[in-house]
Amino acid sequence: MDKLIVSSSPHFHGKKTTQNIMLDVILALSPAMVASIVIFGFQAAVVIITCVASCVLSEYLCRRVMKRPQTVGDLSCVVTGILLALNLPVTISPFIALFGSVVAIVVVKQMFGGIGQNFVNPALTARIVLMNSFPARMTHWTGAFDYAARADSVTTATPLGILAEGGTEALPSYWDLLLGRTGGCLGETCAIAILLGGLYLIVRRVISPVIPVTYLATAAVLSFLLGRDPLFDLLAGGLMLGAFFMATDYTTSPLYFWGRVVFAVGCGVLTIVIREFGSLPEGVSYSIVLMNIMTPLIERYLKPRAFGRVKEKKQKQKEPQR
Amino acid sequence: MEFPKHPFRTHGGAPVPHHKNTAQSPSVVMPPPERIVLPMQQHIGAPCVPTVKKGDHVYVGQVVGDSDAYVSAPIHASISGTVTELTQVMLTGGQMTQAVVIESDGKMEKDPGIYPPAAINSKEELAKAARSAGLVGLGGAGFPAHVKLNVPEGKNIDTLIVNVAECEPYVTSDHREALENGKNVLDGIYKIKEILGVHRVLVAVEDNKPDVIAKLREIADNPEMDPKDEVRVLPLKSRYPQGAEKVLVQACTGRRVPPGQLPADVGCLVMNIASISFLASYMRTGMPLTLKRVTIDGSAIKEPKNVIVPIGTKIADVIEFCGGYQSEPQKMLMGGPMMGIAITTDQLPILKQNNAILAFDEKEAALLEPTACIRCGKCVAACPMNLMPTKLEKAVEKKDTEALKALDVTTCMECGCCAFSCPAGRRLVQAIRLGKSYLKKAGAKKA
């Protein structure tokens, strides 16, 4: 009786913790992981395991060296590892995957202070670094179900690559895109697996639907206005993966509704603009990372008003009339 | 005036578990204790000064402390006996205050000077009656009722909202008040609304209390009780914090009380059901506030129940009356788990505004270890006042009073939804309280 705990209210806490949020994200990513292994074979599993293991190890060592509390337990490094793997082609060398993981965790995440402090998405930034460091290896695509594919095997093009080159090759059907029977990164080809995971996150209230819905809608509308095929744009490339799993990254997206809307509209516009006018066939990574950088600006200029506060402008206009 | 059929939408809130374990057990009257301690501060405002000396004999209902200050409320003896001591006690906030200790003579003699007040016809008389009754907001805040009832000229009140939301987990004292004293409540509502000239009364009940809604509707639909048909029960969504004043005003009328203003500024008067019921009995009997219904619950309590206790009874005595502890309590609260205050000992007295005493065992007392903010925005989504708790916390860390002001820190009512929702277990409410004190200090320096 003489040692009662005294603490500030509230004395109750909800069930959500950082760790079980990250577990939910991992669960939501599992359909995409399974799909990638089915589509690209055992080598896909090797890439995923390499990325996850090296991300976890990088995080562990970083915290050790910096003499900070260990944060491997919050599982956010596992999520980063999986997302990075899903953004790589299956033929990638494990050493390049390892390099990407180190960039994501050490440079992008831990050097800025660890979880919650990075200003850009670690997995996407690592992908961009790899794209610029190893452009050929990063665009060495193999076809679906070509299990024997190696770095020296025949390449196929991604659906967006075919579209960008305007070549003679036939574009894959919507069904192929939904089921993932195309070339591309591990996680981007099977739209159904990503949608399943995304819906799970929304149902579990891990993410709010604002960003994915706005992102996809903006991309579809702009695609239509530019005379492209909106459905093809939505299903092909990394748009689904980006909209549900990358743009919704807590740390690098705005905190509240209208900020999120502006952020997602920006992502959607940039994605389609890069796809239509850029030299790259795909623009999801760049558009999300660019909007990540814009996030502090969005939060500075678009603040939610406290309950009952009226617009200041209106008050000023009223005053002279009195 | 229009009566809304459904509540208006409110922002934020949190899916807090209800734990209304004691809702169906009738209140039990506790036998008067041998000794009571009456702190001179049981309300928001100026503390009272004892009006009795050591050795004085006091009756039940006799004034033992009063103050000349406007924002204050007199304190009355809840048992008859002898004043044995004028002492200092520590309140839950850590501040010391004077207290009157009364030893019972076992007779519970009523003060012979107590008689029903003369008919009340004006607002001023109502406020005066509320003051001499020692009434403070019984919902938990303890704001002197006469200040609230004395609506300044020029502020036109068109709606009286009776707060039966009781959104805090565990607490069921208002629930029992409605079921056991429903007619008394409507009697009080009618008296107050006639005096204030209000023609719309909304009795707001969270829809997790269907029995209360049915009972109050039955009484309010009775033309004898509600001849003008101006009292309606409005079921609210059961989402914490529906009972918070500003949220309640919005849910009932759709009006938003601006920062720094009161419900009266948007034409509403909010009163707790227990306060209204008490006013009705006071007008009948003249007996001031000496008894309080308190929910005793929590995992460490053997027999959770609602107890009607003389104000000033030691918490330990009340818990003893409830069968004592069934396990070693690790944390004890005055009030509910979302906004209640953790107390250091069960030797404190029950105060006027207490509506619950909760005692938790190890498992329920455990808190999440705080980790880094992941900017998930769940605190922003949960805030009923549309604030950004995570940004407030960062401004507090930097002691940046300008940023705190820009982020409207004073609008925070400390409902706890942000900290409840935070996956990183950040102590957001604690930080915000600190931020408010920084702002106060900075303001004092400038002045």
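Here is how names work: the chains are called A, B, and so on, in the same order as the sequence lines, proteins then strands, and each is numbered from 1.
Highest contact tally toward chain A, considering only G12(B), C379(B), P258(B), is held by P258(B) [criterion: heavy-atom pairs under 4.5 Å]. Ranked by heavy-atom pairs under 4.5 Å with chain B, the first of I207(A), T17(A), V6(A) is T17(A). With respect to chain A, the highest number of heavy-atom pairs below 4.5 Å among L368(B), L387(B), V16(B) belongs to L368(B). The choice from G377(B), A342(B), G335(B) that makes the most heavy-atom pairs within less than 4.5 Å of chain A is A342(B).
K378(B) places a side-chain heavy atom less than 4.5 Å from the side chain of I21(A). Side-chain contact check for P259(B) versus R309(A): some heavy-atom pair is nearer than 4.5 Å. Between V429(B) and P10(A), the closest side-chain pair of non-hydrogen atoms falls below 4.5 Å. Considering only heavy atoms from C-beta on, E414(B) stays 4.5 Å or farther from S9(A) through its side chain.
Heavy atoms of Q261(B) lying under 4.5 Å from chain A are absent altogether. Proximity to chain A is absent for every atom of Y240(B), based on heavy atoms less than 4.5 angstrom apart. Neither the backbone nor the side chain of P15(B) comes within contact range of chain A; no heavy atoms are under 4.5 Å apart. In this structure, chain B has no heavy atom under 4.5 Å from any part of P69(A). The contact between K246(B) and chain A is made by backbone and side chain atoms together, counting heavy-atom distances below 4.5 Å. Proximity to chain A (any heavy atom under 4.5 Å) is shown, for A424(B), by both the backbone and the side chain. Residue contact with chain A, scored on non-hydrogen atoms closer than 4.5 Å, involves the backbone and the side chain of C376(B) alike. No part of S208(A) comes within reach of chain B, as not one of its non-hydrogen atoms sits under 4.5 angstrom from that chain. Interface residue R260(A): only side-chain heavy atoms are found under 4.5 Å from chain B. The part of L333(B) that comes within reach of chain A is its side chain, from C-beta onward, which places non-hydrogen atoms under 4.5 angstrom from that chain.
Heavy-atom contacts from other residues, nucleotides or ligands closer than 6.0 Å to OH of Y60(A) number 12 or fewer. Open room surrounds CD on E362(B); 12 or fewer heavy atoms of other groups in view lie less than 6.0 Å from it. In the displayed structure, K394(B) atom NZ is contacted under 6.0 Å by more than 12 heavy atoms of other residues, nucleotides or ligands. Taking a 6.0 Å sphere around CE of M66(A), one finds it holds more than 12 heavy atoms contributed by other residues, nucleotides or ligands.
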Dump the intermediate steps for side-chain contact (heavy atoms from CB on, under 4.5 Å) on Q430(B) and S7(A), then the final yes or no. CA-CA 9 Å; Q430(B) 191 174 351; S7(A) 65; over 6 Å; no
Would K391(B) and E299(A) count as a side-chain contact (heavy atoms from CB on, under 4.5 Å) here? Give the steps. CA-CA 11 Å; K391(B) 299 223 158 183; E299(A) 285 189 358; 2.6 Å; yes
Does L255(A) form a side-chain contact (heavy atoms from CB on, under 4.5 Å) with R375(B)? I'd like the steps, not just the answer. CA-CA 7 Å; L255(A) 286 165; R375(B) 278 179 47 92; 4.1 Å; yes
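What you find for H11(A) and G340(B) is that their closest heavy atoms are NE2-O, 2.9 Å.
With hydrogens and angles disregarded, a donor-acceptor distance shorter than 3.5 Å links the side chain of H13(A) to the backbone of C422(B). Between the side chain of N386(B) and the backbone N or O of F307(A) there is no donor-acceptor pair closer than 3.5 Å.
Taking the six-membered ring wherever Trp is involved, the centroid distance between the rings of H11(B) and F257(A) does not fall below 6.0 Å.
The aromatic rings of F12(A) and Y170(B) lie perpendicular to each other, with more than 60° between the two planes, well past the 30° mark.
If you check the side chains of S8(A) and R427(B), you find no donor sitting under 3.5 Å from an acceptor.
Here the NZ atom belonging to K303(A) is positioned 7.0 Å from the CG atom belonging to L407(B), to the nearest 0.5 angstrom.
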